[in-house]
Amino acid sequence: MPDLATPLIAWYRESARDLPWRREGFGAWGVLVSELMLQQTPVARVVPHLEAWLERWPTPAALATDAPADAVRQWANLGYPRRALWLHRAAVEIRDRHAGIVPRDVDALLALTGIGDYTARAVAVFAYGDRHPVVDTNTRRVLARSVDGRSQPGPPSKRDLAAMEAILPADAEAAAIVNAAAMELGAVVCTARAPACDSCPIADRCAWRAAGYPDTGDERRRRARYEGSDRQARGAVLKVLRDAALHAVPLDDLIADWPDPRQRDRAIDSLIADGLAEAWGGMLRLPR
DNA sequence: GAGCCGTGGTT
DNA sequence: TAACCAAGGCT
C-alpha cells in the first residue's frame, strides 16, 4: 500500500483550518465538549456555542452541579438535544467516577454516556496524544476512495478501525496528525459531493482516481422528510420549553395549534420517555 | 443492523 | 423546491 501518512502530515501542517479545539492546551474537557457538539452538527455552527459553553462550564464538575435543564437550554438550536443530556450525564459520571478528570483510557471513555467508538478515541488521541485509530465519516470516505478505490464507503463496521490503523505511523504524535489529517481532508477536499481532487495531497496515490473515479455508490435509504414528522413536533415542543421564561408550560398551551393533536401528544410522551422533559402538575418543563 | 434522533445551510 | 447533508450514538 502506498504511503499516505507522509503527504497527509505535510498537507495538514500547511493547510489545516485553525479551529478552537486544535489550539495548544485546549484541554480534554474542551475537546470532549467539542466532539459531542460536532456529532452531526457542522463546524461553523459549533464554534460559537462551544465557546459559550466552556465559558459557563469550564470543568465537568461545574456542569454536573447544574441541572440537565440548564444544559438543554444552553444547547439551544444545535440539534439532537439528547446530546446535551448525554453531555450532562457524562459530566456527572466524570465527577463521580473519575474525580472530575476526563478519563484518558479508551474503555473508560466508552463507558461514559454519549461517547462511542469515534468520540472515545478522538479524546484519547487529540486531548491526550495517545496512539489509536480515529475514524469518523470523513475518514471512512477518504479510505474508501484512496485505499479501496470506491466512491463511497460501505456501512460503518469494526473493520474501519483496522483500515485506519493500517496507514498510521508508529509514532503517537505523527499518528495523531494523520488521524486529524484524514478527517480534515474528507471535510474540505475529499468531500462527499464535489471532491477537489486537483488540490488533493494524495491524488497521485489514490486508488479511486487511478481507477477513473468509478461510481460505486450503493443506493442508500432515503431519510423520511422532516416536514410533518414526529421529529419536527418534538423540536417544536422542546423549543417552547427552552424559551419559556417561567421554565414550565401548561400542557394545554404547548404547541396547541399543532395540526395533528395525536402527533403532539406523541411528541410530548416521547420527550418525557427520553428524559428531555418532565410533567409537573399539569405543566411540562425541562428536567431538573 | 436498521431506524431513530434536530437544525439550518446548500444545491 | 425538495433533497441532501453535517467530526455519531443508542435502542
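In the text below, chain A, chain B and the rest are named by the order of the sequence lines, each starting its count at 1. Quick caveat: nothing in here was measured; it's all calculated off a predicted structure.
In terms of position along DNA chain C, the nucleotide closest to A/Leu38 lies nearer the 5' end than the nucleotide closest to the other residue of the pair A/Leu38 and A/Ile115. Nearest-nucleotide positions on DNA chain B for A/Gly235 and A/Ala224 put A/Ala224 closer to the 5' end.
OP1 or OP2 of C/dG9 sits under 4.0 Å from a side-chain N or O of A/Thr119. Dashed line: the shortest gap from a side-chain N or O of A/Arg225 to OP1 or OP2 of C/dA3 is under 4.0 Å. A/Gln40 has no side-chain polar atom (N or O) that falls below the 4.0 Å cut-off from OP1 or OP2 of C/dA6. Of the side-chain N and O atoms in A/Tyr226, one or more sit less than 4.0 angstrom from OP1 or OP2 of B/dT7. A sub-4.0 Å separation between OP1 or OP2 of C/dT11 and a side-chain N or O of A/Arg82 is absent.
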Which protein N or O atoms sit under 3.5 Å from an N or O of nucleotides 8-11 of chain B?
from: B/dG8; atom 1: OP1; to: A/Asn77; atom 2: ND2; distance (Å): 3.0

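For the pair A/Asp243 CG and B/dT7 C1', the interatomic distance rounds to 14 Å; values are reported in whole Å. Protein atom CD of A/Gln39 is 16 Å distant from nucleotide atom P of C/dA6, rounded to whole Å. Following rounding to the nearest Å, A/Leu271 (CG) and B/dC5 (P) show an atom-to-atom distance of 10 Å. If you take CG of A/Leu87 and P of C/dG9, they are 13 Å apart, rounded to a whole angstrom. Between the CG atom of A/Leu85 and the C1' atom of B/dC4 there is a distance of 16 Å, given to the nearest Å. Look at CE on A/Met37: it is 15 Å from P on C/dG8, rounded to the nearest Å. Protein atom CG of A/Leu109 is 15 Å distant from nucleotide atom C1' of C/dG8, rounded to whole Å.
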Can you check side chain to side chain contact (heavy atoms under 4.5 Å, CB included) on A/Thr216 and A/Trp208, steps first, answer last?
CA-CA 10 Å; A/Thr216 62; A/Trp208 187 46; 5.6 Å; no

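Looking at heavy-atom distances under 4.0 Å, A/Pro156 makes no contact with the nucleic acid at all. Base contact: A/Leu19 has a heavy atom under 4.0 Å from a base atom. If you check every strand for non-hydrogen atoms under 4.0 Å, A/Gly116 touches sugar and phosphate atoms only. Residue A/Thr137 is classed as a sugar-phosphate contact, given heavy-atom separations below 4.0 Å to backbone atoms only. Within 4.0 Å (heavy atoms only), A/Arg17 reaches at least one base atom of the nucleic acid. No contact: A/Arg266 has no heavy atom under 4.0 Å from any strand. Within the nucleic acid shown, A/Asp117 comes within 4.0 Å of sugar-phosphate atoms alone, with no base atom in reach, counting heavy atoms only. Heavy atoms of A/Ala192 sit under 4.0 angstrom from primed sugar atoms or phosphate atoms, though from no base atom. Within 4.0 Å of A/Trp75, counting heavy atoms only, lies no atom of the nucleic acid at all. Among the protein residues, A/Arg121 comes within range of no part of the nucleic acid, since none of its heavy atoms lies under 4.0 Å from any strand.
There is a side-chain donor-acceptor pair under 3.5 Å between A/Gln74 and A/Arg56. A side-chain donor from one of A/Trp258 and A/Gln263 sits under 3.5 Å from a side-chain acceptor of the other. A donor-acceptor pair shorter than 3.5 Å cannot be found between the side chains of A/Gln39 and A/Tyr118. Between the side chains of A/Ser151 and A/Arg145, no donor-acceptor pair is found at a separation under 3.5 Å. With no hydrogens or angles considered, a side-chain donor-acceptor pair links A/Arg83 and A/Thr41 at under 3.5 Å.
When A/Ser146, A/Pro153, A/Pro195 are each tested for a side chain to side chain contact (heavy atoms under 4.5 Å, CB included) with A/Arg141, only one passes: A/Pro153.
Counting all heavy atoms, side chain and backbone alike, A/Val33 lies closest to A/Leu54 at CG2-CD2, 4.1 Å. When all heavy atoms are compared, the tightest approach of A/Gln152 to A/Ala192 is NE2-O, 3.5 Å.
Taking atom P on both nucleotides, B/dG3 is separated from C/dC4 by 15 Å, rounded to a whole Å.
Distances from the side chain of A/Thr41 to the nucleotides B/dC5, C/dA7, B/dG6 place B/dG6 closest. Side-chain proximity of A/Tyr118 to C/dG9, C/dA6, C/dA3: nearest is C/dG9.
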